[in-house]
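Each remark here refers to the structure printed beneath this line.
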Protein chains: 2
Amino acid sequence: MFSKACEYGIRATVQIALQSEKGLRIGLKEISNAIDSPEPFTAKILQQLAKNDIIISSKGPTGGYEMSSNQLSTIMLSDIVKTLDCDLIYTGCGLGLATCDAKNPCVLHFQFDDIREQLKKMLENTSVQQLAKSRESGDTLLRL
Amino acid sequence: MFSKACEYGIRATVQIALQSEKGLRIGLKEISNAIDSPEPFTAKILQQLAKNDIIISSKGPTGGYEMSSNQLSTIMLSDIVKTLDCDLIYTGCGLGLATCDAKNPCVLHFQFDDIREQLKKMLENTSVQQLAKSRESGDTLLRL
DNA sequence: ATAATAAAAGATAATTTTGTCCTATATTTA
DNA sequence: TAAATATAGGACAAAATTATCTTTTATTAT
Ligand code: FES
Ligand code: FES
């Protein structure tokens, strides 16, 4: 469904959100440990997220990643997915045709579009903070 | 969403269904032409579909691919998707964790599972014949 | 200022997916 | 039975994705 990059991106961002709510920064190493992801690959992804103002990165000692309270309250899953180019879900044809266009639909268009709209809604209505909260409140069963 | 193999698989099967309803076989070359797919890659996919009794292949002159009337009336998109190992959609965790388990859910599990169920339903309720019919009845706008 | 630290950036490598090629096998027609 | 045709199958190649490594840059604390 999502690319690996996107999966790591979401998991990393939730982890950052968890720390930011406590007013703490978190380093690359800690993030990779927490979400069990390859460290250098995760770094690349975090760079992209930082460039797109989804998270904030700081260099130097005491550096690391964090989210502003504004980011915490506004960033939705859709922002991460779009940034990490899983954007295809939003625009592509389900059967892989060059374009998806309701005026020139493929045989699966309307069925596919229906699912896609629901996925879109889900991503646009689910905030990172919300996911972080479900992790905090939930028992230890809620994995990252 | 789907792999290329899966996309080609669906498009090819619909094309075969279209011919089979007219009582005709269709060859690899014709299929690839019709759906604009790489010929040898498409051949591999058709082999898998034939092995899984989704289509029937015949060798030799006058050979080619077809669907039995039984296949035409029973094959659903889900059969193709499962065969071509896009099976992941059915079982995998949306965040890429090793397993997806409602008793040990990731932070996105319930939102993701909801979408997945709808996708599942769509695939299980959409027959190849139905797609072929929408192509036949529809104006030329319905692409493959 | 200097040393230590942590992310940024760019080059490189492994893996998976996608796509191609060549030979073998089965089937039909002459 | 022989020749022609079309799929099957296995080896191979290209491209994209995922993952790693090394060097640079910015920041903090001494
Ligand atoms: S044209 Fe294929 S999904 Fe829209
Ligand atoms: S555990 Fe992640 S989607 Fe079910």
Side-chain angles (χ1 to χ4, degrees), chain A residues 1-13 15-16 19 24-33 35-67 81 83-89 92 95-96, chain B residues 1-13 15-16 19 24-33 35-67 81 83-89 92 95-96:
Chain A
M1 178 78 86
F2 304 118
S3 67
K4 277 289 163 196
C6 205
E7 290 172 357
Y8 293 145
I10 295 171
R11 285 154 67 191
T13 307
Q15 189 64 30
I16 294 168
Q19 295 305 305
L24 299 173
R25 276 190 190 145
I26 180 172
L28 171 61
K29 217 162 290 181
E30 285 178 272
I31 294 173
S32 289
N33 269 357
I35 70 173
D36 189 34
S37 69
E39 204 178 301
F41 190 43
T42 307
K44 300 289 181 194
I45 294 164
L46 293 175
Q47 280 173 38
Q48 284 189 265
L49 293 176
K51 266 185 204 156
N52 284 273
D53 297 313
I54 287 166
I55 58 176
I56 296 168
S57 76
S58 330
K59 287 185 174 182
T62 80
Y65 301 91
E66 69 192 301
M67 293 180 80
V81 172
T83 294
L84 298 177
D85 281 338
C86 314
D87 188 288
L88 327 158
I89 293 173
L95 293 186
Chain B
M1 178 78 87
F2 303 119
S3 68
K4 278 287 164 197
C6 205
E7 290 173 356
Y8 294 145
I10 295 172
R11 285 154 66 191
T13 307
Q15 188 65 29
I16 294 168
Q19 296 304 304
L24 299 173
R25 274 189 193 147
I26 180 171
L28 172 61
K29 217 162 290 181
E30 287 177 90
I31 295 173
S32 288
N33 269 356
I35 70 173
D36 188 36
S37 69
E39 204 178 302
F41 191 42
T42 307
K44 301 288 181 194
I45 294 163
L46 293 175
Q47 279 172 39
Q48 284 189 265
L49 293 176
K51 266 184 204 158
N52 283 274
D53 298 311
I54 286 166
I55 60 176
I56 295 167
S57 76
S58 329
K59 288 184 173 182
T62 79
Y65 301 92
E66 69 191 301
M67 292 180 80
V81 172
T83 294
L84 299 177
D85 282 339
C86 315
D87 188 290
L88 327 158
I89 294 172
L95 292 187

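In what follows, chains are A, B, ... by sequence order, proteins preceding strands, each numbered from 1.
Side-chain atoms of A/Q47 lie closest to C/dA8 of the nucleotides C/dG19, C/dA8, D/dA19. Comparing atom distances between the A/P61 side chain and each of D/dT18, C/dA4, C/dA8 picks out C/dA4 as nearest. Comparing atom distances between the A/P38 side chain and each of C/dG19, D/dG10, D/dA19 picks out D/dA19 as nearest. For B/S3, taking side-chain heavy atoms from C-beta onward, the closest of the listed nucleotides D/dT7, C/dT20, C/dT18 is C/dT18.
For B/K4 and C/dT17, a side-chain-to-base donor-acceptor distance below 3.5 Å is absent, hydrogens and geometry of angles not being considered.
The closest side-chain donor-acceptor pair between A/S37 and A/R11, if any, does not fall under 3.5 angstrom.
Note: CG (B/L49) to P (D/dA8) measures 11 Å, nearest angstrom. Here the P atom of nucleotide C/dA6 and the CG atom of A/L46 are 15 Å apart, to the nearest Å. Atom P of nucleotide C/dG10 and atom CD of A/Q48 are separated by 13 Å, given to the nearest angstrom. Atom CD1 in A/I31 sits roughly 10 Å away from atom P in C/dA8 (whole-Å rounding). As a whole-Å value, the separation of A/I45 CD1 from D/dT17 P is 13 Å. Whole-Å rounding puts the B/E66 CD to D/dA6 P distance at 15 Å. Taking atom NZ on A/K59 and atom C1' on C/dA6, their separation rounds to 9 Å, with Å as the unit. Protein atom CD1 of B/I26 is 14 Å distant from nucleotide atom C1' of D/dA6, rounded to whole Å.
Among the heavy atoms of the strands lying under 4.0 Å from A/P40 is at least one base atom, whether or not backbone atoms are also near. Across all strands, A/K29 comes closer than 4.0 Å to no nucleic acid atom at all (heavy-atom distances).
Residue B/S57 places at least one side-chain N or O closer than 4.0 Å to OP1 or OP2 of D/dA8. In this structure, B/K51 does not reach the D/dT7 phosphate: none of its side-chain N or O atoms is under 4.0 Å from OP1 or OP2. B/Y8 has no side-chain polar atom (N or O) that falls below the 4.0 Å cut-off from OP1 or OP2 of C/dT17.
Between the side chain of A/E30 and the main chain of A/G27, a donor-acceptor pair closer than 3.5 Å is present.
For the pair B/E66 and B/I26, the minimum side-chain heavy-atom distance is 4.5 Å or more. With a 4.5 Å cut-off on side-chain heavy atoms, B/Q48 and B/K51 do not count as touching.
Of the residues near DNA chain C, A/G63 and B/F41, the one whose nearest nucleotide (by heavy atom distance) lies more toward the 5' end is A/G63. Where B/A50 and A/G60 each meet DNA chain D at their nearest nucleotide, the meeting point lying more 5' is that of B/A50.
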Quick one, B/L49 with B/I16, criterion side-chain contact (heavy atoms from CB on, under 4.5 Å). Give me CA distance, side-chain angles, the key distance, then yes/no. CA-CA 12 Å; B/L49 293 176; B/I16 294 168; over 6 Å; no
